[in-house]
Amino acid sequence: MLDKNYDHKLVEEGKYEKWVNAGYFKGGLDKSKPPFSMVIPPPNVTGKLHLGHAMDTTLEDIICRYKRLKGYDVLWVPGQDHAGIATQAKVEEKLRKQGISRYDLGREKFLEKAWEWKGEYSDTIRKQWASLGLSVDYTRERFTLDEGLSNAVKHVFVTLYKEGLIYQGERIINWDPELRTALSNIEVIHQDDEGEFFHFYYDVEGSDEKLIVATTRPETMFGDTAVFVNPKDERYKHLVGKNAINPANGDPLPIMADSYVDIEFGTGAMKCTPAHDPNDFALAKKYGFPLIKVLDESAHMNELAGKYKGMDRYECRKALVADIEANGHLYKIEKMVHSVGHSERSGAVVEPMLSKQWFVKMTPLAEKLLNNQKSEDKVNFVPKRFENVLIRWMKNVDDWCVSRQLWWGHRIPAYYNKETGEILVSEVEPDMNLYTQDEDVLDTWFSSALWPFATMGWPNSEAEDFKRYFPTSVLVTGYDIIFFWVSRMVFQSLHFTDKAPFKEVLIHGLIRDEQGRKMSKSLGNGVDPIDVIERYGVDAMRYFITTNSTPGLDERYSETKMASSAAYLNKIWNACRYVEMTLGEDYKPALPNKKELTPIDAAILDKLQRVIKAVTKKMDEYQFGQASSILYDFVYDDFCSSYLEMSKVALQKGDSKATKDTLFYIMKSIILMIYPYAPFVTEEMYLSLPEHLDSIMLETYPTYDKNYLNAKAVKAVATLENMIKDIRNYKSTSGLAPNEKVKLSLSPKEPFKGASEYLARFSFASSITITKEELGGNTFLYSGMEMAVEEDIDKEALKAKLLKDEEKLIAEVSRGEKMLSNPGFVSKAPKAKIDIETEKLEKNKELLATVRAKLANL
RNA sequence: GGAUGCUUAGCUCAGCGGGAGAGCAUCGCCCUUACAAGGCGGGGGUCAUAGGUUCGAACCCUAUAGCAUCCACCA
């Protein structure tokens, strides 16, 4: 028997351990079942999980738990991501607080620290998974730096290299001067920052004219090789071919014309700095300019900056501008808002810089993805529109810079011959007396891209899990990492396994705070899932975060909705407690016998079938909000408010086996349908039911049974419910207490045999007369029936009420007639709709006639 | 500059071709024996605006406005 109060802490205690120990989360327990597989998006080992993770993983858990009950052999692979740059930044930050830099420690020692960090946060994450109740298969847990993944990474790198899809090249990349590493384009966050737009006078050789050139980054002027103008720009035509004098260092710069230059922008004259700007780099290639780097790895000026050597880029900017101003070459400084790239991880302003890096050639891989999306094996997105996001990005994708000047990660399997410098790219380490390994590691997403197949045992294509569970069934993730992760998994998987890594992708949005702001450390508005679990219970939190949103859209955290989710579970808990009390100790479950049902039982059983059908459909479509709302209406209104109360009539009479069976059957079905959302509390309820299995996890999802459909009962009970509602309403508006006694009469019959017993109970009727006579008193009309409250009533009030009824019915009848006399409607609307409208019109006409008769008699 | 999403009850949001919904808030009345984290009843919306398609539009199309997000460019 359940306790009087639902105490989430008591309910949650010990259950997760029990499930894990029983092995219920393991994939492959029964291989006669069809496989269903998923991989967890591996969280970064950078810290604790936040509410966004809770939503993402809960959605996955709901799917897994649902699919198990639906008879699948479910495998959900857990794991974590080493998160190269993110984790290294964290570890460095921690060291910095101790006054140590990574260079003080050296690579080996630093990596020890990083592994320590990883160990700590791995444990934290696993504890959080347990708190969330995630049914992941721990026997298959993976880490992106483990041996298997590392081998897969090497294999992929070497293969791509041999295929010419990985190359080393000197190009302009995004440089993070704080972490001192290259970044890929998508790791750069562009923000509109207020900056200064410096306009300088450039002297022109052999002319008295001065050219005004504008720049936002004066410190790069030491790397300038030319000044460009547009060939059509009349202002400067005559200067093309002459030299301008660089006011930073006095070097002559050829004035050249190229249509790349925008006449309207700035002064129309642009300085060209090939080693520090991607567009200038392209121009330099075109015209064969030298590539002059003036900044070092930490964005300090090098020897080319002369007296500014060693200064930080901003110090240099300030000093240089002051000097230029001093010698009369400053024209003006404009304030300007322009977009500035920042490192996603360190926040540092990214410096575009010429650098030798490893790149993945994207065009052939992107093409595979794009072609696949045109085929039958395409990856289906839920919601669909996100497919376009992916496609548009893949069509315009740049080559992927995969090398990082970090230590925490997969070291690039490229080796340089100590004597000849020749490159050897190999999965097997060569004789290290003769070779040195490339110092760089790979972008962390390089390994995450292999996650769905590498965790299944690939590159061993005979691995059991790979054969049985790959491709995976569905991937759940946020729209913010479609570029980073989803796209890369798809093209790598297509390239290496010839299959898309998953059939479907369910995209969810972000969780924001109550005011709709992004949760962030700097705002301090983050909500800790563990804290929420402490207060409301994990089931309530799971229910809230997965049912109060719609796929692909952001969601706000809401304290009141959180509380109402908890209240809902409490409601179910109490309903279950009541059912158990009612069934009694010696109750033996059986399917309700159709022949012995009361109309009340029959009606709820009919409704349940429809609910099962509708909920199942929504679950299959990953529409968890809609599924839960269908269930909610059923649980609250049909089951708790209506059926539980009405069934008391039969139960108190004694001969109620069918009603008890109905109660049990409905309650169990509800528990099973709520279970994927709220596994702990439903397990507790389930185990307190008679004749249960060892765990709700071993149960079967409710199935639609059309034998229990009974439209007649549903209609009769609906009429009864309307009568009860009308009386309640009548009392409320007449200032009567709800339990005020009233005398009722019905004409010419009751909604179903025995209905007046229910009516009496719920309307506190002291008597109910059934008569064929016309009813006096305050009358309510139903299709084919009337009900009246017997009392001395104010005739005027009654007349007013009837007139109101009449007015309403006239509107209804007119609507129906208009619709049905519309030839367009009759010829084009579906027959079912026409039937419904015809029936409705007839009913309303009948009611209208009755109202008019009553008015005439008054 | 390009793209996408959002605009529905006081607040937060569902619904996305056949008569406007939920939670919370609000107003009455109830400590009724599963549940006061409750019960019963009520009030509250020209579904952003303007056109169009359709027998029928909150829902489809086109424009407009506001808000948000993503991508690209920015000397």
Side-chain angles (χ1 to χ4, degrees), chain A residues 2 4-6 185-186 190 192 197-198 213-217 220 227-228 260-262 265-273 277 279-280 336-340 383 385-386 388-389 392-393 396 479-480 482-483 509-510 514 516 518 536 544 547-550 552-561 563-582 623 625-626 628-629 632-633 636 640-641 644-645 648 724-725 728-733 735-739 762 764 812 815-816 818-820 822-830 832-834 836-837 840:
Chain A
L2 295 174
K4 169 129 168 80
N5 293 310
Y6 163 42
N185 294 353
I186 46 177
H190 291 274
D192 279 343
F197 199 23
F198 302 93
V213 178
T215 178
T216 51
R217 293 156 71 213
T220 63
V227 172
F228 275 94
Y260 169 76
V261 177
D262 181 352
F265 193 87
T267 63
M270 179 193 95
K271 73 190 199 64
C272 178
T273 320
D277 182 282
N279 296 310
D280 295 2
M336 178 167 91
V337 173
H338 64 145
S339 162
V340 177
R385 73 185 122 92
F386 289 102
N388 297 331
V389 175
R392 200 164 312 120
W393 190 67
N396 300 303
Y479 59 69
D480 51 331
I482 292 175
F483 301 148
L510 267 39
E514 300 227 48
K518 252 188 179 174
Y536 295 100
F544 161 68
T547 63
N548 281 84
S549 72
T550 202
L553 294 183
D554 292 352
E555 173 183 3
R556 289 189 197 197
Y557 176 79
S558 154
E559 202 67 33
T560 59
K561 285 188 181 177
S564 111
S565 298
Y568 175 48
L569 296 179
N570 183 58
K571 179 85 180 173
I572 299 174
W573 174 273
N574 276 291
C576 187
R577 194 166 74 91
Y578 164 75
V579 168
E580 283 170 20
M581 277 166 41
T582 304
Q623 291 287 354
Q626 291 182 43
S628 70
S629 126
Y632 182 93
D633 290 346
Y636 235 99
C640 291
S641 298
L644 282 191
E645 297 304 328
K648 286 173 185 172
I724 294 167
K725 202 174 172 177
R728 283 172 169 171
N729 184 336
Y730 165 79
K731 286 184 181 173
S732 173
T733 50
L736 301 174
N739 56 358
F762 293 103
F764 292 86
E812 292 295 308
R815 188 192 86 99
K818 207 173 136 196
M819 201 180 236
L820 287 163
N822 180 338
F825 178 77
V826 180
S827 63
K828 290 181 181 168
K833 177 66 185 166
I834 295 173
I836 289 170
E837 288 301 330
K840 221 190 286 180

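Letters A, B, ... mirror the listed sequences (proteins, then strands); counts begin at 1. Note that the structure is a prediction, hence the values are computed from the model and not measured.
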Is a salt bridge present between A:K561 and A:E514, judged by a nitrogen-to-oxygen distance below 4.0 Å?
-> no
Side-chain ion pair, A:E580 and A:R577, N-O less than 4.0 Å | no
Does OP1 or OP2 of [N] have a side-chain N or O of [X] closer than 4.0 Å?
X: A:Y636; N: B:C40; value: no
X: A:S549; N: B:A14; value: no
X: A:Q626; N: B:A14; value: no
X: A:K648; N: B:U33; value: no
X: A:K4; N: B:C35; value: yes
X: A:N729; N: B:G42; value: yes
X: A:R556; N: B:U12; value: yes
X: A:S641; N: B:C40; value: yes

Please give the nucleotide sitting opposite [N] as a Watson-Crick or G-U wobble pair, both distances under 3.5 Å, or none.
N: B:U32; answer: none
N: B:G43; answer: none
N: B:U62; answer: B:A50
N: B:G1; answer: B:C71
N: B:A25; answer: none

Please pick, from [options], the nucleotide with the shortest atom-to-atom distance to any side-chain atom of [X].
X: A:T560; options: B:A34, B:C24, B:G23; value: B:C24
X: A:S339; options: B:C35, B:G15, B:C73; value: B:C73
X: A:C640; options: B:A34, B:C24, B:G23; value: B:A34

Identify each atom pair where a protein N or O and an N or O of nucleotides 6-9 of chain B are less than 3.5 Å apart, giving names and distance.
none

Rounding to a whole Å, what distance do you find between [X]:[atom1] and [N]:[atom2]?
X: A:R728; N: B:U32; atom1: CZ; atom2: P; value: 15 Å
X: A:D633; N: B:G15; atom1: CG; atom2: P; value: 14 Å
X: A:E514; N: B:C24; atom1: CD; atom2: C1'; value: 11 Å
X: A:Y6; N: B:A34; atom1: OH; atom2: C1'; value: 16 Å
X: A:E580; N: B:C35; atom1: CD; atom2: P; value: 14 Å
X: A:W573; N: B:C35; atom1: CH2; atom2: C1'; value: 12 Å
X: A:Y479; N: B:A3; atom1: OH; atom2: C1'; value: 15 Å
X: A:N574; N: B:G39; atom1: CG; atom2: C1'; value: 13 Å

What does [X] touch in the nucleic acid at a heavy-atom separation under 4.0 angstrom: a base, only the sugar-phosphate, or nothing?
X: A:Y260; result: sugar-phosphate
X: A:F386; result: nothing
X: A:R392; result: sugar-phosphate
X: A:T582; result: nothing
X: A:D554; result: nothing
X: A:K725; result: sugar-phosphate
X: A:F197; result: sugar-phosphate
X: A:V261; result: base
X: A:F483; result: sugar-phosphate
X: A:S558; result: nothing

Pairwise 5' ranking along RNA chain B for A:A567 and A:S629, keeping only the more 5' one |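 Nearest-nucleotide comparison on RNA chain B picks A:S629.
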First of A:G268 and A:E645 reached from the 5' end of RNA chain B, by closest nucleotide = A:E645
Distance, [atom1] atom - from [M] to [N], rounded to whole angstrom:
N: B:C60; M: B:G15; atom1: C1'; answer: 16 Å
N: B:C24; M: B:C40; atom1: P; answer: 13 Å
N: B:U53; M: B:C70; atom1: P; answer: 38 Å
N: B:G23; M: B:A14; atom1: P; answer: 16 Å
N: B:A9; M: B:U62; atom1: P; answer: 25 Å
N: B:A22; M: B:G45; atom1: C1'; answer: 14 Å
N: B:A25; M: B:A58; atom1: C1'; answer: 24 Å
N: B:C67; M: B:U49; atom1: C1'; answer: 15 Å

What distance do [X] atom [atom1] and [Y] atom [atom2] have between them, rounded to the nearest 0.5 Å?
X: A:N574; Y: A:M581; atom1: CG; atom2: CE; answer: 9.5 Å
X: A:F544; Y: A:S558; atom1: CZ; atom2: OG; answer: 5.5 Å
X: A:L510; Y: A:E555; atom1: CG; atom2: CD; answer: 10.5 Å
X: A:R728; Y: A:F764; atom1: CZ; atom2: CZ; answer: 8.0 Å
X: A:D633; Y: A:S628; atom1: CG; atom2: OG; answer: 9.5 Å

Distance-only side-chain donor-acceptor flag, A:D280 / A:Y260, under 3.5 Å |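 Looking only at side-chain atoms, A:Y260 and A:D280 do not form any donor-acceptor pair under 3.5 Å.
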Under 3.5 Å, is there a donor-acceptor pair between the A:Y557 and A:E559 side chains?
-> yes
Take atom NZ in A:K725; do more than 12 heavy atoms of anything else shown fall under 6.0 Å from it?
-> no
Tell me, please, whether A:Y578 has A:K648 positioned over its six-membered ring: NZ or CZ under 6.0 Å from the ring centre and within 45 degrees of its axis?
-> yes
Residue of the set A:N388, A:I186, A:I482 for which side-chain contact (heavy atoms from CB on, under 4.5 Å) holds with A:W393 |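 Result: among A:N388, A:I186, A:I482, A:I186 is the only option passing the side-chain contact (heavy atoms from CB on, under 4.5 Å) with A:W393.
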